[in-house]
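Structure, as structure tokens:
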Amino acid sequence: MIHDALIGPFTEFEFMRRALAAVIALSLAGAPIGVFLMLRRMSLVGDAMAHAILPGAAVGFLLSGLNLFAMTAGGLIAGFAVAILAGVVARSTGLKEDASLATFYLASLALGVTIVSIKGTNIDLLHVLFGNILAMDDQTLLVVAFNATVTLLVLAVIYRPLVIESVDPLFLRTVSRAGGPAHLAFLALVVINLVNGFQALGTLLAVGLMILPAGIARFWSRDLTVMICIAVVAAALSGYAGLVLSFQTRVPSGPAIILVATGLYIVSVLFGRVGGIIRQMFPGRHLEA
Amino acid sequence: MAQLAFRNVTLGYDRHPAVHHLSGEVASGALVAVVGPNGAGKSTLLRGIVGILKPLGGSIHLGGLDARDIAYLPQSADIDRSFPISVFDFVGTGLWRATSLFGGIGKAARGKILRAIAAVGLNGFENRPIGTLSGGQMQRVLFARVLLQDARLIVLDEPFNAIDSKTTADLLALVKQWHGEGRTVLAALHDMETVRTHFSETLVLARGPVAWGPTSEVLTPENLMVAMRMCEAFDDSAAACAEDGRSRAA
């Protein structure tokens, strides 16, 4: 019975196996990015970027269908355009960068929805906004895996400057010029992973599989490496459990995955070893040192 | 021989000068205190020296040093201590030039890091996250990183702020050790007693130079009073600096 409920869907149906493989690839790449987004206090920037890249991804979608290469390229162009425009306006007018970004991402989101609405169907719009991981074909799965691989390789290259820039940016600027390129590469990885998440979770929830696992990890460890590992496991677990939930209850797959992650997050907020509410209420006897 | 030379340098932000028309030289191996009230431009000057800020006018010459030879200790407030990084890893960033993006931290490098941590009295703190340290302990960690950088020019931004006298004494001993080794040290400081006792040369700064020379001669009540009365004007409609115009014409 338990085997049928938890394992059965994956042994029986190929689309479920593909979905599971995709969600694991998304977790391996997206969760570490989410950890850095959170630690660099950019969680909401990630959310804003998810909306900002919609027009580019939508144009790619309309030109080539659900071709992740086209959507990634379009998303990258739109994402960087919005990031650069927001930065230019902020620096030339004194407007705060987050306010500037909010303006541009909203405009970008409206433009994206308009493009899809005019040229596509309502089904297309729903697909882009909410995704459908259960409809993933082999080619798309390969693109998701490719993007995840590229993400991990680039992250390995920029890991050190990214860490130092996060904790002590002035120091990094005195010893290296890697900070700027590392930040730009990181933004590119954010966009790549958001687009990667489109198919599975849609525009609105793509950032969820990045940020929620990072938030979960924050409550269990003070060590960056351990946090990244916990975030990956939490994301993969949410993906697996979300797929099972979706299969058994007909809840759409994207929301199911994010709801499971939210459940894990609530458990972490309550019982987390680092700053969890219960831990704070009942800390136990104080230590000797 | 000059390790550091300022040629009519102006440093600031968005065209507003924070340090205006500073000229002078720091000899190789000198131990220089930079003093002045809040907003005098001390941190700005130090950021200009280490290359974080580009001069709005004039130039800074590093006497043949490149970025590799400069160690910078920023103010603690510029560091995000909520970031989950251990004392060992944080101090280890001082080896950036040896390790860069991919260089491994081998046995020798680990030994160097552990010795630097021990030298600042933080034995046993290696695995502690920096967020759990006190202000004084964090300052010791920053000094350990400077030690590891093994630089010829050392620039310290308010290194003894809000730390107890024991920690200050320990860290001052390190500063004097660096001076004894022939390294050039510049430090922005607030405590005049520390400056009088330990620093042979002082620059009194108040957005522009007030006095610069042997500490016993320049650290006078008159100079400090002049510095206290510095102009803190910040005016978006101010005219372009006439002195810059003259120097360009010349």
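Order of the sequence lines fixes the chain letters, A, B, ..., with proteins taken first and strands second; residue numbering starts at 1 for each chain.
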Cation-pi check, A/Arg273 onto A/Phe219 ring (under 6.0 Å, within 45° of axis): no
Neighbours of chain B found in residues 220-238 of chain A - heavy atoms under 4.5 Å: A/Arg222, A/Asp223, A/Leu224, A/Met227
Presence of salt bridge, B/Arg7 and B/Glu25, under 4.0 angstrom: yes
Spacing of CH2 belonging to B/Trp96 relative to OG1 belonging to A/Thr174, to within rounding of 0.5 Å: 11.0 Å
Between OG on residue B/Ser28 and CG on residue B/Leu65, distance to nearest 0.5 Å: 8.0 Å
Check: B/Lys42 side chain, B/Leu205 main-chain N or O, donor-acceptor pair, under 3.5 Å: no
Test item: A/Asn193 side-chain N/O and A/Asn196 main-chain N/O as donor-acceptor pair under 3.5 Å: no
Residues B/Arg47, B/Asp78: salt bridge by 4.0 Å N-O rule: yes
Heavy-atom contact with chain B under 4.5 Å, split by part of A/Ala156: backbone
Most chain A-contacting option - heavy-atom pairs closer than 4.5 Å, from B/Asn127, B/Ile130, B/Thr93, B/Val50: B/Thr93
Engaged part of B/Ile70 at the chain A interface, taking heavy atoms whose separation is under 4.5 Å: neither
Exercise: do B/Asp164 and B/Thr167 side chains pair donor with acceptor under 3.5 Å: yes
Best-contacting candidate, B/Gly51, B/Ser86, B/Ala71, B/Ser82, against chain A by heavy atom pairs under 4.5 angstrom: B/Ser82
Residues, nucleotides or ligands: over 12 heavy atoms within 6.0 Å of B/Arg128 CZ: yes
Members of residues 29-50 of chain A whose heavy atoms come closer than 4.5 Å to chain B: A/Phe36, A/Leu39, A/Arg41
Carboxylate-amine/guanidinium contact B/Asp150 B/Arg183, below 4.0 Å: yes
A/Ser166 side chain to B/Asp80 side chain, donor-acceptor N/O pair below 3.5 angstrom: no
A/Leu170, part contacting chain B, at a heavy-atom distance under 4.5 Å: both
Any side-chain donor near an acceptor of the partner, B/Gln75 and B/Ser43, under 3.5 Å: yes
Proximity breakdown for B/Arg81 and chain A, heavy-atom pairs closer than 4.5 Å: neither
